[in-house]
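A short worksheet on the structure shown next.
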Amino acid sequence: MNNLPLLTENQQDDLVFKKESVLVETWQRLKQNKLAMFGLITIFLMIVLAFCAELITPYANAITMNFKQKLLLPSGQHWFGTDNFGRDVFARCLYGSRVSLAVGFGTSIASLLIGSVVGSMAGFIGGRVDNLIMRFMDLFSSMPAILLAMAVVAALGSGLVNVGIAITIASIPTFVRVVRSSVLSIADQEFIEAARAGGTRTPRIIFRHVLPNAIGPLIVQSTMNVSQMIIMAAVLSFLGMGVDPPQPEWGALLSEAKEFLRTAPYLMFFPGALICLSSFSMNVLGDGLRDALDPRLRD
Amino acid sequence: MHKSVRTAFLVIVAVFFLSASMIPAYSDQPKRDSVNLSTLASLTSVDPHPGAENVQDNIVYAQVYEGLVAQNQGTGEYEMRIAESYSISEDGKTYTFKLRPNAKFHNGEPVNASDVVFSLKRVKGMPGRSIYTSDIDDVVVVDDKTVNIVMKGKNAATLNSLSRLMILSEKEVTSQGESFGTKVAKAGTGPYFFTEFEHGVGWKMEAFSDYYRGPASIKYINWKPISEASAGLIAFESGELDWYIAPVANWSQLEKNESINSELVAANHISFISVNYERGALNDDNVRKAIAYAISKEHMVDGSLDGYAVIAKSMIRPGYNTGAPTDTFQYEYDPEKAKEYLAKSGYQNGVDIGTITVVAGGYFEKMAQILQADLAAVGIKGTIRRMENAASLAAYRVQDYDIAVTGNPLTGDYNFYRAMVDSHMVGSFLVKFEGDKFDYKRFDRLFEEGVQELDPVKRMAIYTELDKAVMDTACYLPMFHRTLPLIWVKGLSLTNYHTNPQVFEWKWE
Amino acid sequence: MYRYVIKRIFMMIPIVIGVSFIIFSILAFIPGDPGSIILGPGATQAEVNELNHQLGYDQPFLQRYANYMYKAFVSRDFGISYATRLPVFQQIMQRLPVSFLLAASAMLLAIVVGVPIGMLSAVRQYTALDYVPTAIALFLASLPAFLIGMVLMLFFSLWLNWFPSNGIGSWEHYVMPTISLGLPYASFQLRFTRSSMLETIRQDYIRTAKAKGAPESSVIWHHAMRNALLPVVTVAGNNFGLLIGGAVATETLFGMPGLGTLIVNGINTRDLPIVMAGIIVFTILFSLIILLVDVMYAFIDPRVKARYTSGD
């Protein structure tokens, strides 16, 4: 589901901005969008919590088993209850957020970087290179992303890094498309022509002039992508192809909780809610950013 | 305009909810000449023999195929099936089986001695069944209804082996040729025959009207695979299944449920840990013993099966398997002792033993996590490597693992342990006892002596010695024997609570 | 026009070859050889080697790929499943209708729910009729389909006993999978319809029509909707391929014997011929649907049609 075009061609074409003030304006507009600010603050808090996990509870609580305290209901001592090994679910969710957010953001950043380089090469150099790259991307987007990711995990084995690689590969084509179409829309403009005529080398033009101008749609795409990657990782975990135990991860926690759906439904509630909350936050933030970057939609 | 859009929207919503509410409650069919059952894995073939034996498939085959004899799971006694009687020659090597005159295959053909010869010779060449066939020297037709099975020596496990080898119709199998197994076939003699078979979707059976024990009371069996145990339980509770092996996590609830029948049944099964002595630090006897003492079987039972399992003292469960010794050596949980052994090996500051290989999902994976935690508590580090079932089998085959967490159904006789230990067995897996490290020839010899010893007391004495010797290697570490929560609907009467059900014995009240 | 269609069909050939090469290469990294997988743990190494030789597994990689493609596309022989020994092609054809039906009904649900609500949100921007559906849509898009499915299963199978939870066989079996798969896509559809509608409403000719005093409803129906439908068709088309892919977890959860579960099982049991052929079939289907969408585009929008017929 990550290949979904999130911007129409027109919108992408229009998302070109040249001045610092545009950023300020965008921020001003974003601030007025309450839902987007909710998303921004929530995700910010989640990241802070993930970083400061040690200050809240030691990692040992997330992995130490205690069979005398298994499947306890949420209480003052165990905020989210305990699982079938007697591990503290709050600690597991907290440390799990490190893994899940790292997968979500990490793969998005990786796809963003790779996608930017490849996409701007395609758009800027054009001709045969463009054709070759885009046809190659077509191949990847002709396969359902989840199947591609599953095949990669099957080949490399399960585990955090391999899952990351698998879903990064699956999400690169979308970034390439976004960057390429942004690049195409500005490649003919005067300041690029000028830079070219002035003898600036191509990589420099790409990094100094082209990419900064494609940043709008890229930010939106990356934001949305984070939420899709969190979900995709959860689906892989659900199908038993996620991170290796005892490492906590939200999708894996859900998958473990599945068995206790009726005897201990709270086990499913907390990781489910966290996946939903983080993904929702990134989605509303992305939506808000898109509206803020494209004032036409807001009037 | 917005009115029309809103109207359209309201209509759609209304239609949606109306159609949902008009759907009749999913009620039971009028009673009842069929049962609906499910297995966790889809049946891949109607041929009971080629692949590796597995519990799920055996549940299905048990309705369709029979051997000369069958072992009653409840009593452990052997009952006559296709054979009506047998006698043993003076030297104890030749077993003469008289076939039932009225036994027929599903295609209507009578069961003849030639079918028995065909079936047993066919299985002889099949991987994964060598534990049952390796002691059979020859199978000979005496007359149409009499067959001689010649063993290589005296053999205490003959009936056990024969109960695992199904008799198929020579005509049916040879006429289908290569494609036998891929589509419905009438090659069995059991109370039911296949009428439909579609991989991954379901398969159907009908009672065999010419069955020699009389036609079954329940006329049809509809099977479908449900790979997730919790989904299967939901299917049971919503009336889609009539009998189910529930996940243990739900037992405490199911037990109290008055509207269903339930029974916790012991399974003849061993869940164990296997240590590859050829890998790195694991080659050190003290390290393996440290591991053996570091593991708490109680943790295993509590954490992976919610307490509903029986701690295993040995690999082959006594009382359920002929010849299995009761008095044998086991490693008692003792972390301090584990640390002492570790210190003796020179790894007092901890050691990394590599990976713990396990099939992803299910209780094996939980066992692996508990193992990892227990080992970590004494300073032994292991990384969990999860694999899919098929990949794990391939890895075990080539000894590509450090520590493996797995389990195996047992067959009713201690002789089965040979498949795991004896160096001659083709089907041997996990630990290969060969080379100079252990006196494997002694193991082989004791197995040989044990299976040839017909006196139960002497036989058990041999196996007790053997069991201790193998346990001393600390390569196979028994953990627990599972118990399975059986649940079935009210109105369905079961005479025996087998984990391997015999639908023939069931009826609707 | 039909020349364009034929040209597009020919363009699918390199895609299929490319995709199959990528999948073939990825699967080549999977540990384990077909011999061990088929024969199971009891076989001897000699038996395994013999079978591998028979299957051509001992040949070099490119040779194997060439053999596979030749057989697959010249004689429609996609090999034999390791698990069932049945022809792969036959199994895939058996499973395809299930996935197709599920995807089609989920798609329909997505359009029926998503498009009208999306339009309503756009027309009533900045009102509760905009905020509430948009927020709900964003919420649904943030849920993995299997989570919706599990909750539905709990409510409608276990507690209310309305729908069966597993398998296929009647239309009731499709209700919950359709909803759990369709809802997230309905939210995509809703958001997309809303934004493309908004964009169209802002276009000058709509303003002009409004300024001329045409009643609002007729302006929206006649101008805005037709233009807004174009991107909706695109999303529907793109979704369709993705829906089939997204159906994997849903099919697994509800135990539906579709192509998705076939491939998941194939990966789990290392039944590589199934995985390989399954993904190729998906790819072909997906390309066909994209083509269909492009052709529909031409019918909806005369401008696009003009471009095709003029020989582009």
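These numbers come from a predicted model, not from an experiment.
- Rounding to the nearest 0.5 Å places CZ of F136(A) at 5.0 Å from CD1 of I22(C).
- I15(C) places none of its side-chain heavy atoms less than 4.5 Å from the side chain of R135(A).
- Considering every non-hydrogen atom in both C276(A) and L143(C), the closest pair reads SG-CD2, 3.6 Å.
- Within 6.0 Å of CZ on F61(C) lie more than 12 heavy atoms contributed by other residues, nucleotides or ligands.
- Under a cut-off of 6.0 angstrom, the local environment of OH in Y266(A) is crowded, with over 12 non-hydrogen atoms contributed by other residues, nucleotides or ligands.
- Using a 4.5 Å heavy-atom threshold, the side chains of V248(C) and V235(A) count as separate.
- The distance from the CE atom of M143(A) to the CD1 atom of I23(C) is 4.5 Å, given to the nearest 0.5 Å.
- Heavy-atom distances place both the backbone and the side chain of L139(A) under 4.5 Å from chain C.
- Atom CG of residue L277(A) and atom CZ of residue F139(C) lie 9.5 Å apart, to the nearest 0.5 angstrom.
- Taking CG from L147(A) and CD1 from I267(C), the interatomic distance works out to 7.0 Å, rounded to the nearest 0.5 Å.
- Between D287(A) atom CG and T134(C) atom OG1 the span is 8.0 Å, to the nearest 0.5 Å.
- Atom CG of D138(A) is separated from atom CE of M11(C) by 8.0 Å, given to the nearest 0.5 angstrom.
- The salt bridge (charged side-chain N to carboxylate O under 4.0 Å, His left out) test applied to D83(A) returns R87(A), R92(A), not counting sequence neighbours.
- The contact between M268(A) and chain C is made entirely by side chain atoms (from C-beta outward), counting heavy-atom distances below 4.5 Å.
- Of all heavy-atom pairs between L27(C) and A151(A), the closest is CD2-CB, 4.4 Å.
- Relative orientation of the F146(C) and F238(A) rings is parallel, given thresholds of 30° and 60° on the angle between their planes.
- In terms of non-hydrogen atom pairs under 4.5 Å with chain C, the most contact-rich of A155(A), S227(A), G272(A) is A155(A).
- Proximity to chain C (any heavy atom under 4.5 Å) is shown, for L156(A), by neither the backbone nor the side chain.
- A 4.5 Å side-chain heavy-atom check between F140(A) and V19(C) finds every atom pair outside the cut-off.
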